[in-house]
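Some notes on the structure that comes next.
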Protein chains: 2
Amino acid sequence: MKLTEKTIVAALRRNGYKATPQRRAVIRAIANSIDHLTPADIYDRIHLDHPGIGLVTVYRTLEVLATLNLVCELHTGTNCPSYTLSIPQHHHHLVCSDCGKVVDFTGHNLTELEERLARESGFRINNHILEFTGCCRTCQEMPGTASAAR
Amino acid sequence: MKLTEKTIVAALRRNGYKATPQRRAVIRAIANSIDHLTPADIYDRIHLDHPGIGLVTVYRTLEVLATLNLVCELHTGTNCPSYTLSIPQHHHHLVCSDCGKVVDFTGHNLTELEERLARESGFRINNHILEFTGCCRTCQEMPGTASAAR
DNA sequence: ACTGTAATTGATAATCATTTTCATTTAGTG
DNA sequence: CACTAAATGAAAATGATTATCAATTACAGT
């Protein structure tokens with residue numbers, strides 16, 4: 001399924017959340033960006049068109065979207081997470097710890113593992129994180145950086 | 001390989017880091033705990049025996065240990081990461097988002113995927129995170145919580 | 001064992017991210 | 001159109017992490 005603003009708004013309503021203009025703006029900001037955005041990134045982009053929307057609202061909206069698994073959260077080495085919509089399909093991440101570049105990848109299915117774990121542990125599993133960290137080609141060729149020194 | 005204080009100290013030296021009493025204390029605190037510890041947790045435990053060691057030093061030590069892949073970092077839903085030694089072998093995590101309980105699991109090998117990704121992306125990959133989040137059996141049976149309400 | 005030096009530390013303050021509080025506003029039901 | 005619970009904005013509080021810098025210390029080399 002493709003997650004458009006419309007789909008997401010429907011998902012909010014279905015779960016008893018209101019579709020406010022503020023939430024729509026946050027959703028649109030994420031949907032229109034190729035990159036993963038931090039809360040502050042989203043705030044900055046929204047703020048141009050909607051000076052009234054505060055950073056707090058961005059945080060609150062992201063919390064709701066994350067609860068409904070509508071956004072995918074990226075835990076880079078940096079000190080705050082960033083977000084994209086869970087589109088066009090479930091994907092995982094490869095992050096350069098030098099420059100922060102993020103490459104999405106698909107094709108690794110964790111369903112079977114998830115089922116095994118649920119069976120063995122008794123957990124009801126509802127999400128997962130799979131991220132590889134390393135050094136991208138560009139940074140490898142750049143001398144003098146922390147990771148090139150290894 | 002089993003990571004004892006001795007092994008870790010050797011790894012530090014081998015990489016040009018000094019084995020200070022402060023660092024040893026941090027290592028021992030992590031090694032002696034079954035649980036994953038946050039920087040503040042570690043600080044608290046150390047502080048009893050070594051009142052002189054500051055939280056800042058804990059952060060700095062963890063940074064070094066993480067760089068050398070001697071500790072494994074856990075990104076729970078909470079607002080700060082926690083750490084264990086990378087022993088007895090590489091493992092992954094299953095986290096209850098209600099009570100924070102962490103279950104380690106092994107037996108899922110990502111080497112093949114890692115190699116494929118390295119080949120396709122040009123990254124030199126040096127680490128990864130694999131975490132499942134959900135609701136543990138105890139919390140599922142507890143009525144009135146956020147996740148039981150679903 | 002002694003010395004020199006670069007690495008490390010501790011204290012403090014600064015910064016950055018996130019959460020709380022609460023009075024006001026508003027989406028969406030009926 | 002009115003009502004009500006949910007959502008918002010502003011400001012302050014909290015919590016985590018990082019920067020700065022002078023003082024200390026591990027350890028390599030004598």
Side-chain angles (χ1 to χ4, degrees), chain A residues 5-6 8-27 29 36-44 46-47 49-68 71 73-83 97 100 146 149, chain B residues 5-6 8-27 29 36-44 46-47 49-68 71 73-83 97 100 146 149:
Chain A
E5 182 185 342
K6 203 170 160 187
I8 295 178
V9 165
L12 285 177
R13 292 234 176 82
R14 195 176 336 116
N15 288 276
Y17 294 100
K18 295 180 180 174
T20 64
Q22 292 89 339
R23 283 176 177 164
R24 284 163 184 273
V26 170
I27 293 164
H36 293 67
L37 302 178
T38 64
D41 288 338
I42 296 169
Y43 173 77
D44 289 344
I46 292 179
H47 201 257
D49 287 338
H50 310 265
I53 302 181
L55 182 55
V56 187
T57 298
V58 175
Y59 273 96
R60 285 189 283 224
T61 302
L62 288 172
E63 192 187 345
V64 171
L65 296 175
T67 302
L68 301 178
V71 285
E73 197 167 325
L74 176 64
H75 300 250
T76 68
T78 70
N79 45 4
C80 80
S82 53
Y83 300 83
S97 46
Chain B
E5 182 185 343
K6 204 172 160 186
I8 295 179
V9 165
L12 285 177
R13 292 235 175 82
R14 196 177 334 115
N15 288 275
Y17 294 100
K18 294 179 180 173
T20 65
Q22 292 89 340
R23 284 176 178 163
R24 284 164 184 272
V26 171
I27 293 165
H36 292 67
L37 302 178
T38 64
D41 287 339
I42 296 169
Y43 172 77
D44 289 343
I46 293 180
H47 202 257
D49 288 337
H50 310 265
I53 302 180
L55 180 55
V56 185
T57 298
V58 175
Y59 273 96
R60 285 190 283 225
T61 302
L62 288 172
E63 192 188 345
V64 171
L65 295 176
T67 303
L68 301 177
V71 285
E73 198 168 324
L74 176 62
H75 300 249
T76 67
T78 70
N79 45 5
C80 81
S82 54
Y83 300 83
S97 47

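In the text below, chain A, chain B and the rest are named by the order of the sequence lines, each starting its count at 1.
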- Task: Please lay out, stage by stage, how V64(B) and R60(B) fare under the test side-chain contact (heavy atoms from CB on, under 4.5 Å).
- Result: CA-CA 6 Å; V64(B) 171; R60(B) 285 190 283 225; 5.9 Å; no

- Looking at I42(A) and A29(A), what are the two nearest heavy atoms and their distance?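 Heavy-atom minimum between the residues: CG2-CB, 4.2 Å.
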
- Query: For the residue pair C80(A) and T38(A), what are the closest heavy atoms and their distance?
  - Reply: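 Heavy atoms only, the tightest pair is SG-CG2, 3.7 Å.
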
- Item | Separation of Q22(B) CD from T57(B) OG1 (nearest 0.5 Å) |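 One gets 6.0 Å once the value is rounded to the nearest 0.5 Å.
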
- Item | Exam field: side chain R13(A) to backbone A19(A), donor-acceptor pair closer than 3.5 Å |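 Checking the backbone N and O of A19(A) against the side chain of R13(A), no donor-acceptor pair under 3.5 Å is found.
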
- Task: Test L65(A) against every option in T67(A), L68(A), T61(A) by the side-chain contact (heavy atoms from CB on, under 4.5 Å) rule and name the one that passes.
- Result: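 By the side-chain contact (heavy atoms from CB on, under 4.5 Å) criterion, L65(A) pairs with just one of T67(A), L68(A), T61(A): T61(A).
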
- Message: At under 4.0 Å between heavy atoms, how does the protein contact nucleotides 11-18 of chain C? Give one character per nucleotide, 5' to 3', with B, S or -.
- Response: -B----SS

- Go through the structure and list residues passing side-chain hydrogen bond (donor to acceptor under 3.5 Å, both in side chains) with H47(B), not counting sequence neighbours.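 Checked H47(B) against side-chain hydrogen bond (donor to acceptor under 3.5 Å, both in side chains); matches are Y43(B).
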
- State, with a plain yes or no, whether a side-chain heavy atom of L12(A) is found less than 4.5 Å away from one of I27(A).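 The answer is yes; the side chains approach within 4.5 Å.
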
- Would you mind reporting whether L62(B) and P39(B) have side-chain heavy atoms less than 4.5 Å apart?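 A side-chain contact under 4.5 Å exists here.
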
- Task: Could you list where the contact with chain B starts and ends along DNA chain D, reading 5' to 3', using a 4.0 Å heavy-atom cut-off?
- Result: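 The contacted stretch runs from dA16(D) to dC27(D).
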
- Query: dT8(C) P sits how many Å from R13(B) CZ, rounded?
  - Reply: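 Computing the R13(B):CZ to dT8(C):P distance gives 12 Å.
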
- Between L12(B) (CG) and dA7(C) (P), how many Å, whole number?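 Roughly 15 Å, once rounded to whole Å.
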
- Hey, can you pull the residues of residues 15-24 of chain B with a non-hydrogen atom under 4.0 angstrom from DNA chain C?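 Correct list: Y17(B), K18(B), T20(B), Q22(B), R23(B).
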
- Query: End-to-end bend of the helix from dA1(C)-dT30(D) to dG30(C)-dC1(D) (five-pair axes, 10° rounding)?
  - Reply: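 Inter-axis angle at the termini of the helix from dA1(C)-dT30(D) to dG30(C)-dC1(D): 50°.
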
- Mind checking what makes salt bridge (charged side-chain N to carboxylate O under 4.0 Å, His left out) contact with R24(A), not counting sequence neighbours?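 By the salt bridge (charged side-chain N to carboxylate O under 4.0 Å, His left out) rule, R24(A) matches E5(A).
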
